[in-house]
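Read through the structure below, which is laid out as structure tokens, and then see the notes.
Indexing begins at 1, ligand by ligand and atom by atom, following the structure's order. The first residue of the sequence shown is numbered 1, and numbering continues consecutively from there.
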Amino acid sequence: MSLSSAPDLMVRTAPLYDRVKSVIPSIEWPAFAGDIDAILELKREHDAVILAHNYQTPEIFHCVADIVGDSLALAREAMKVDAKVIVLAGVHFMAETAKLLNPAKRVLIPDLGAGCSLAESITAADVRLLRQRYPGVPVVTYVNTSAAVKAESDICCTSGNARKIVESLGVPKVIMLPDEYLAQNIAAETGVEIVTWAGHCEVHERFSAADIQQLRAGHPGIVVLAHPECPPEVVAVSDFTGSTAAMIDYVGKEKPTRVVLVTECSMSDNVAVQHPDIDFVRPCNLCPHMKQITLPKIRRALETMQHEVTIDPAVAAPARRAVERMLEA
Ligand code: SF4
């Protein structure tokens, strides 16, 4: 589609392009405008809302999403959604969490293949074995897990509240699954003994302390914000560690002249839109799972009402309890 062949479409979508013009070249916009226009209409037609994770690309994050945020924010907001249909622009465990908290709503994920290396690293049977090995030790499970794994857990956590959740249990030892690095980082912060699992985020595990040193050498004065799924050696040489939401807060409050967000690629694009005066240095580690979600797939999901996420009720009840305990903590 070219600008001249769709003048009405270009006029209609011009205010949306205005939001993302600093990160999407004008020559690329016509490739997005038709799907965006159709998605906005389909949302009205089906009484649907789109929840998008911070790692979604800017044309999704800023142009079609109704609610954006990290896993914790999406879980919280999913509970307040007043629409018949939820489309989760994120990965499968996020869609499951939305379904757990909205059992009566139809929850769609645009691509069933949008998984997560952490969620795939552990099964419900693994958790049962750990419980046998460490009787009486509470199990804290990262939300980046399947509903079946959540169902075997005492309480969930996100990277945004992991410290608070572990401390809230008031015990000297916990089992924290499945992210080994997050667990090690929380153990260092809290002093609680943590039994870990060897799961890793394939995006964050690729960063090293040497990468950070190189960034500092090449970009004097740079402020380094790292995600707690990064290895502890990365956290140790960073200026701040926090969830994606905490990084956004940090940038908004501290307004560093030059910053690097040591996390998934699209985060910097999405945050840069709101802070045109800040120099974002972008080491690019893409999440191949998050990138399964595209505008054409969101459009198709709304046109066909697929792929619907369902959870066995026997699994859903205990999994929901673990998520709700987290939200109440
Ligand atoms: S960025 Fe890492 S934790 Fe997030 S979905 Fe991708 S693989 Fe999973």
Modelled atom types, side-chain donor and acceptor of Ser71 and Tyr142, under 3.5 Å: no
Within the 4.0 Å heavy-atom shell around [X], which atoms of ligand 1 are there?
X	value
Asn144	3 (S)
Ser117	7 (S)
Val203	1 (S)
Leu118	3 (S)

Checking a contact table here: which protein heavy atom is nearest [atom], and how many Å away?
atom	result
atom 6 (Fe) of ligand 1	Cys287 SG, 2.4 Å
atom 2 (Fe) of ligand 1	Cys201 SG, 2.3 Å
atom 4 (Fe) of ligand 1	Tyr55 CE1, 4.1 Å

Enclosure of Leu129 CG (heavy-atom neighbours >12, cutoff 6.0 Å): yes
Identified salt bridge (Lys or Arg N to Asp or Glu O under 4.0 Å) partner of Asp154 from the options Arg321, Arg325, Arg131: Arg131
Side-chain heavy-atom pair His227, Val262 within 4.5 angstrom cut-off: no
Electrostatic pair Lys80:Glu77 at N-O distance under 4.0 angstrom: yes
Asp269 with Arg282: basic N within carboxylate O range, under 4.0 Å: yes
Verify same cluster id: Met305, Leu295 (apolar side-chain graph, 4.5 Å): yes
Backbone or side-chain N/O/S of Cys116 under 2.8 Å of atom 6 (Fe) of ligand 1: no
Structural part of Glu229 in contact with ligand 1, heavy atom criterion under 4.0 angstrom: side chain
His289 near atom 8 (Fe) of ligand 1 via N/O/S, less than 2.8 Å: no
